[in-house]
Amino acid sequence: MTWNVNSLKARLPRVEAWLAEFEPDVVCLQETKLADDAFPHERFAALGYECLHHGEGRWNGVAVCSRVGLTDPVAGFASAGPPDRDARIAWATCGPLRVASVYVPNGREVGHDHFHYKLEWLERLRADLDECCDPAGKVVVCGDFNIAPDDRDVYDPSAFDGATHVTPAEREKLAALHEWGLVDLFRTQHDEDGLYTWWDYRGGDFHKRRGMRIDLVLGTRPVAAAVTGAVVDRNARKGGRDDPPSDHAPVIVDLDCAGS
DNA sequence: ATGGTCGCGCAGCGA
């Protein structure tokens with residue numbers, strides 16, 4: 001499962017209730033907005049999870065949590081090179097899977113410095129795969145990509161003309177991940193449009209079904225062959241002042257890992 | 001009605 005929680009501090013009761021109900025084996029979180037020493041390891045341990053957190057405090061922050069073991073943790077990019085300026089990726093081995101939780105830079109506006117950072121960040125993610133992973137192995141890269149892979153992943157493509165998340169430049173970087181060997185696991189199960197993972201808080205967008213599918217679970221072909229189902233839990237996007245939701249919903253992919 | 005919503009943290013930025 002992957003979920004951009006938009007502050008784990010603000011979302012902890014909701015995340016705990018969700019984990020207790022669905023009991024996923026591997027959990028990737030983004031936008032924890034916590035420093036490492038503020039991560040509630042004991043609360044996750046109480047639910048059976050061992051966690052790797054990579055955070056900085058006010059912004060960003062990612063985690064990989066597992067109840068099937070967690071080894072070989074890497075906080076940040078795994079490949080050679082200078083450290084990332086933000087806390088946006090963490091790698092760990094969970095059972096048979098090599099897993100990355102990623103929070104791809106938003107980009108802000110096309111042409112903005114942050115947009116170039118986004119494109120370079122995606123190139124660096126490809127370098128992690130090239131240097132540290134095998135496309136014949138069982139690798140999962142999931143999280144908030146801040147890219148809608150296709151026009152069917154956006155409620156109104158014309159509303160995003162000239163905006164980030166849909167440009168050819170961003171989609172080409174995503175294509176480079178597919179060329180390496182990653183498959184969009186959700187799309188192995190569902191072809192239709194209108195299936196989103198993020199809705200703006202403003203304007204009642206969630207209730208008007210104005211969203212985007214920008215949270216992705218990518219896996220190598222051996223993983224794709226094991227997929228038995230995939231869903232977005234829209235219910236987790238519901239709620240009001242007494243139980244405020246993240247602006248993202250969790251994406252769950254079921255794998256049959258018998259024999260691995 | 002010239003906004004609209006969050007989180008962080010206490011102004012205004014980032015999403």
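Letters A, B, ... are given to chains in the order of the sequence lines, protein chains preceding strands, and every chain is numbered from 1.
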When the ring planes of Phe77(A) and Trp121(A) are compared, do they come out parallel, tilted or perpendicular, using 30° and 60° as the limits? tilted
The complete set of side-chain hydrogen bond (donor to acceptor under 3.5 Å, both in side chains) pairs with one or both residues in residues 66-76 of chain A, sequence neighbours excluded, reads Asp25(A)-Arg67(A)
#### Entry: Spacing of the C1' atoms in dG9(B) and dA1(B) (rounded, Å)
29 Å
Residue pairs meeting side-chain hydrogen bond (donor to acceptor under 3.5 Å, both in side chains), one or both in residues 222-234 of chain A, sequence neighbours left out, come to Trp18(A)-Asp233(A)
### Message
Taking the C1' atom in each of dT2(B) and dA11(B), what is the distance between them to the nearest angstrom?
### Response
23 Å
By the 4.0 Å heavy-atom rule, please label Tyr103(A) as base, sugar-phosphate, or nothing. sugar-phosphate
Assign each of His248(A) and Gly57(A) the nucleotide of DNA chain B bearing its closest heavy atom; nearer the 5' end lies the nucleotide of Gly57(A)
For this session: Select base, sugar-phosphate, or nothing to describe what Arg11(A) touches, counting heavy atoms under 4.0 Å on all strands.
Result: sugar-phosphate
- Is the distance between the ring centroids of Tyr155(A) and Phe160(A) under 6.0 Å? yes
Walking DNA chain B from its 5' end, the first of Tyr201(A) and Arg108(A) to be reached, judged by nearest nucleotide, is Tyr201(A)
Can the ring centres of Phe44(A) and Phe39(A) be said to be less than 6.0 Å apart?
yes
Chain A reaches DNA chain B, atoms under 4.0 Å from its heavy atoms, from dT5(B) to dA15(B)
Partner of Thr32(A) under side-chain hydrogen bond (donor to acceptor under 3.5 Å, both in side chains), picked from His54(A), Arg11(A), His53(A), is His53(A)
*asked:* For the P atoms, the ones on dG7(B) and on dG3(B), what distance do you get once it is rounded to whole angstrom?
replied: 22 Å
